[in-house]
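Okay, structure first, notes after.
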Amino acid sequence: ETGVTQTPRHLVMGMTNKKSLKCEQHLGHNAMYWYKQSAKKPLELMFVYNFKEQTENNSVPSRFSPECPNSSHLFLHLHTLQPEDSALYLCASSQGGGGTEYGYTFGSGTRLTVV
Amino acid sequence: QKEVEQDPGPLSVPEGAIVSLNCTYSNSAFQYFMWYRQYSRKGPELLMYTYSSGNKEDGRFTAQVDKSSKYISLFIRDSQPSDSATYLCAPQTGANNLFFGTGTRLTVIP
């Protein structure tokens, strides 16, 4: 298991449900990210948080709502999703600020299926 | 034009073969070049990191960057079944955001 833990690992939800994805890191990093990974597509950056402040929202629909209560925890709240939102959602963390040989540390992801 | 282009494969090779994985990119501001490896049902993990142009070797892996042609390569020598994974190139500007390729799925057949 990496230093970034994501729960749940799998989630099936209906289009009218509300659910949340959780991410936790104990690496002392100050930046956290949400990515969406779909088949045959590059990883899509969704949100970036630096020191608990959202610094980037990459034109993500409002049915995805992030929350970062502290530098170690990141949530993604989901409501009224569409079937095309089915994907692997990855959380990552980094020490932040500029290029670094350590890159990002990713969690194992949450496999989301919207039915 | 996409920021990063990568052939998604799949690529199958026999054990012991030399593997060449490649990406092209369009943004001249990229200065840092990373390769991530992603095993099935896992998140990506950093495999190699290179700053600017040149080569970097780490065991059986060699990362190569040619900024003049905007071309990134990863070579795997003496490939092993344990190398079977998806490999993602990820160039980065001086800011903190990585740009990922689609990933190339590699299978090394024993």
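Throughout, protein chains are lettered first and strands after them, A, B, ... in sequence-line order, and every chain is numbered starting at 1.
Annotation: residues 70-93 of chain A contacts chain B through A/L88, A/L90 [non-hydrogen atoms, separation under 4.5 Å].
Your options are A/A39, A/P42, A/G109, and the one with the most heavy-atom pairs under 4.5 Å with chain B is A/P42.
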Result block: side-chain N/O donor-acceptor pairs under 3.5 angstrom for residues 98-110 of chain B, not counting sequence neighbours:
{"from": "B/T102", "atom 1": "OG1", "to": "B/Q6", "atom 2": "O", "distance (Å)": "3.0"}
{"from": "B/T104", "atom 1": "OG1", "to": "B/Q6", "atom 2": "NE2", "distance (Å)": "3.3"}
{"from": "B/T104", "atom 1": "OG1", "to": "B/D7", "atom 2": "O", "distance (Å)": "2.4"}

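Residue contact with chain A, scored on non-hydrogen atoms closer than 4.5 Å, is absent for B/P8. With a 4.5 Å cut-off on non-hydrogen atoms, A/Q37 touches chain B through its side chain but not through its backbone.
Linking ILVMFWY side-chain heavy atoms closer than 4.5 Å, directly or via other members, places A/M32 and A/L45 in two distinct hydrophobic clusters. Note on B/F75: it does not cluster hydrophobically with B/L46, by side-chain heavy-atom contacts below 4.5 Å among ILVMFWY residues. Hydrophobic clustering (ILVMFWY, side-chain heavy atoms < 4.5 Å, transitive): B/L74 and B/L11 are in one cluster. Cluster membership check: B/Y32 shares its hydrophobic cluster with A/Y35, using side-chain heavy-atom separations under 4.5 Å among Ile, Leu, Val, Met, Phe, Trp and Tyr. Connection of A/Y49 to A/V60 is established within a shared hydrophobic cluster, with ILVMFWY side chains joined at heavy-atom distances below 4.5 Å, either directly or through further cluster members.
Heavy atoms of other residues, nucleotides or ligands lying less than 6.0 angstrom from NZ of B/K67 number more than 12.
The two atoms that bring A/L43 and B/P44 nearest to each other are CD2-CG, 4.5 Å, heavy atoms only. Residues B/R41 and A/R9 approach most closely at O-NH2, 3.0 Å, considering heavy atoms.
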Walk me through whether B/Y36 and A/Y104 qualify under ring-ring contact (aromatic ring centres under 6.0 Å, His included). CA-CA 10 Å; B/Y36 281 80; A/Y104 292 8; 7.2 Å; no
